[in-house]
2 protein chains.
Amino acid sequence: MKATRTDVAKLAGVSTATVSNVLNQSGKVKEETVHKVMEAVKALDYRPDMIARSMSTNRTMQVGIVLEDISNPFFGEIARGFESAANEKNYFVNICTGFNKLDDYFDNFITRRLDGVFVTALPYKFKVNKLYDLVERGIKIVTSGNVEVDYRRIASIENDYIFAMKEAMEYLYGMGHRDIAYLSGLGRNLPYDLRCISYKNMVNKLELSCRDSLLIDGKYPYATSMTEGYDAANRLMSLGHKFTAVICGNDLMALGAMKAFRESGFLIPEDVSVMGIDGISFGKYWEPSLTTMAVDQNRLGRKAFELLYADMMEDTISYYRNTLELTIRKSTAKCCR
Amino acid sequence: MKATRTDVAKLAGVSTATVSNVLNQSGKVKEETVHKVMEAVKALDYRPDMIARSMSTNRTMQVGIVLEDISNPFFGEIARGFESAANEKNYFVNICTGFNKLDDYFDNFITRRLDGVFVTALPYKFKVNKLYDLVERGIKIVTSGNVEVDYRRIASIENDYIFAMKEAMEYLYGMGHRDIAYLSGLGRNLPYDLRCISYKNMVNKLELSCRDSLLIDGKYPYATSMTEGYDAANRLMSLGHKFTAVICGNDLMALGAMKAFRESGFLIPEDVSVMGIDGISFGKYWEPSLTTMAVDQNRLGRKAFELLYADMMEDTISYYRNTLELTIRKSTAKCCR
DNA sequence: CTGAAAGCGCTTACAG
DNA sequence: CTGAAAGCGCTTACAG
């Protein structure tokens, strides 16, 4: 019932090789033959079988994207950008939620022979060695947020969180804030929270007296959604130290944190300024709207695919650094305390 | 370099058929042989090739989920539920954003021979006939929100929006509201917005004087994110009719709508009560927190896979109706006007 | 410009 | 309990 190459060839009165040549547009088939074949294809509603094709070409035209958290619209937008770039090049994309064991995913990538994968999950969810495994088996990788991978072996696209945090701190400092907290969501000892490293640098550089006492770590297993922001804000308040501004690891956490502050009677931004990092569109609609360091998510996703494509096509392993943009809205204000 | 069945067989001193039997746990291989084979597998770091396997078994062990909008955490949670259920049965899942042309996706499903697909996108984004195409080619389908498909041919899982809207209306009515608006996001003439149909029924049944004048349609190409809620709320206000409560097509729209109302000086819930439908976790953190008709998203996703699995395994096509739960928070209050 | 044939890495009756 | 062999639907040198 399902039409195959053979059926088409038979109907068109040619060989299967010719059908292949027509379908793959090799351009070396007579016009007339092309026509006959296309007629047959249409008549049989024939669809090529990618599985079979993969067997002989050794390419699946499938790529994957591993997300830190699919429920965070930040990653959703990145996935969309990645996917539309991939589709333009005829790749099919597998979006992986990151909810389940990532190591299992990686095994699946091998077993299903994906051509390439964009990994934007943090390595506390998987073993970094798995990445090299993939590379050795010919699966191209682009990574993001995995500071410790070898940039010569694996292409990377990184948001410049060091600079972003610097800019955020300077912005708040410029507004008169001297007691600036940072809710990490991750941990101060995890090497890949660049924001945290930058925060500590800036605390020193600006000579803020708070030291690290306003740095709130996340709890294992780390997550960075609203709940974590909410909890971290409560932990910050329970510490009893003075703070007039708070930067959060990402926007979602900032929204959760605002909730906590409000519940404790703080006005935002009058009593406390709150900033996020990411630039999800939700922030604009929040009350008050969220000041943030914004990533152009769609562009980041597209760029990630470009890096992957370059690697798949010409074995080019490159590194791209993305700059975040200070987006001032209503959740921050001059310090009046 | 990449180890194949043949390599394993050679190293273990058996035939490739035996290797297959071991790996597929057919249980008819001598303990000793099993051991030898497993040793060889380990020594070579051999991984079975699913592509090749698919060629002979005629199953890919891949299923897809087509989402209406990946940036809406409602669908993200559903995807997570679906995926974890699928993984438990050793299926790999393709999440499709729905951002690009859905019809192209469907062609891909055929070409890549997915075993099944859960389609939770609304049909203004694709041709319903495509669904039947898939079924005819042996790809099992579970659909949601596609009211017009033939339930005998395609399994379905539907949220009971008729009842949910009824409950929402009765709740607001019970609080004294008589001028209740509905921001659809879709259109009053689209058959698959059950909420809309139910709204109209209830307006009659409760003998509300507003008639349809408070029903706000979406604009083509329909979308249901915050922006649409924001725009629809502004359109509602520009109409100049009195309203004291607003139900929105989904939570995201409700959040956008709140923003618009507030910008126009309305207090929520004092001046206007706002309700959503979906139950995304964001609603809890919003200020004020959102009253909604909640879906257990994770459960819905899991259930959808179960339906799909039943269809794949035993050709059982079934229908499941999911009930939403009234979740009262701070965005609604007694009518005082 | 076109066709015959080998090969991609598996599985699965079937024989032994 | 194990192996030889056909087959899944393509592609791709190679010969003609």
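The sequence lines fix the lettering, A, B, ..., with proteins before strands; numbering per chain opens at 1.
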Given B:Phe118 and B:Phe305, is the ring pair (Phe, Tyr, Trp, His ring centres under 6.0 Å) satisfied, shown in steps?
-> CA-CA 8 Å; B:Phe118 174 35; B:Phe305 180 76; 9.9 Å; no
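Computed from coordinates, the B:His35 NE2 to D:dC1 P distance equals 18 Å when rounded to whole Å. When the P atom of D:dC10 is taken as reference, atom CZ of A:Arg47 falls 13 Å away, rounded to whole Å. Protein atom OH of B:Tyr46 is 7 Å distant from nucleotide atom C1' of C:dG9, rounded to whole Å. The CG atom of B:Asn58 sits 16 Å away from the C1' atom of D:dA6 (whole-angstrom rounding). Rounded to whole angstrom, the span from the CG atom of A:Asn24 across to the C1' atom of D:dG9 amounts to 13 Å. Atom C1' of nucleotide D:dC10 and atom CD1 of B:Ile51 are separated by 12 Å, given to the nearest angstrom. Taking atom CZ of residue A:Arg113 and atom P of nucleotide C:dC10, one finds them 9 Å apart after rounding to whole Å. Whole-Å rounding puts the A:Arg59 CZ to D:dC10 P distance at 18 Å.
Comparing C:dG9, D:dG3, C:dC1 against the side chain of B:Ala17 picks out D:dG3 as the nearest. Counting only heavy atoms from C-beta on, A:Val14 has its side chain closest to C:dG3 among D:dC10, C:dT12, C:dG3.
A:Thr6 comes within contact range of no nucleotide atom at all, as no heavy-atom separation falls under 4.0 Å.
Mapping B:Thr57 and A:Ser54 onto DNA chain C by nearest heavy atom places A:Ser54 at the nucleotide closer to the 5' end.
Under the Watson-Crick or G-U wobble criterion, with both distances below 3.5 Å, D:dC14 is paired with C:dG3.
Residue A:Thr18 places at least one side-chain N or O under 4.0 Å from the OP1 or OP2 atom of C:dG3. One finds a side-chain N or O of A:Ser15 lying less than 4.0 angstrom from the OP1 or OP2 phosphate oxygen of C:dG3. In this model, the phosphate group of D:dT11 is approached by a side-chain N or O of A:Arg53 to a distance below 4.0 Å at OP1 or OP2. Residue B:Ser56 places none of its side-chain N or O atoms closer than 4.0 Å to OP1 or OP2 of D:dG7.
Cation-pi contact between A:Lys130 and A:Phe106: absent, since separation from the ring centre below 6.0 Å together with deviation from the ring axis within 45° is not met.
Using bins of under 30°, 30° to 60° and over 60° for the plane-to-plane angle, the ring pair A:Tyr220/A:Tyr222 lands in the perpendicular bin.
Taking all atoms of both residues into account, the shortest heavy-atom contact from A:Met55 to B:Met55 is CG-CG, 3.5 Å.
A donor-acceptor contact shorter than 3.5 Å is absent between the side chain of B:Thr143 and the backbone of B:Ser156.
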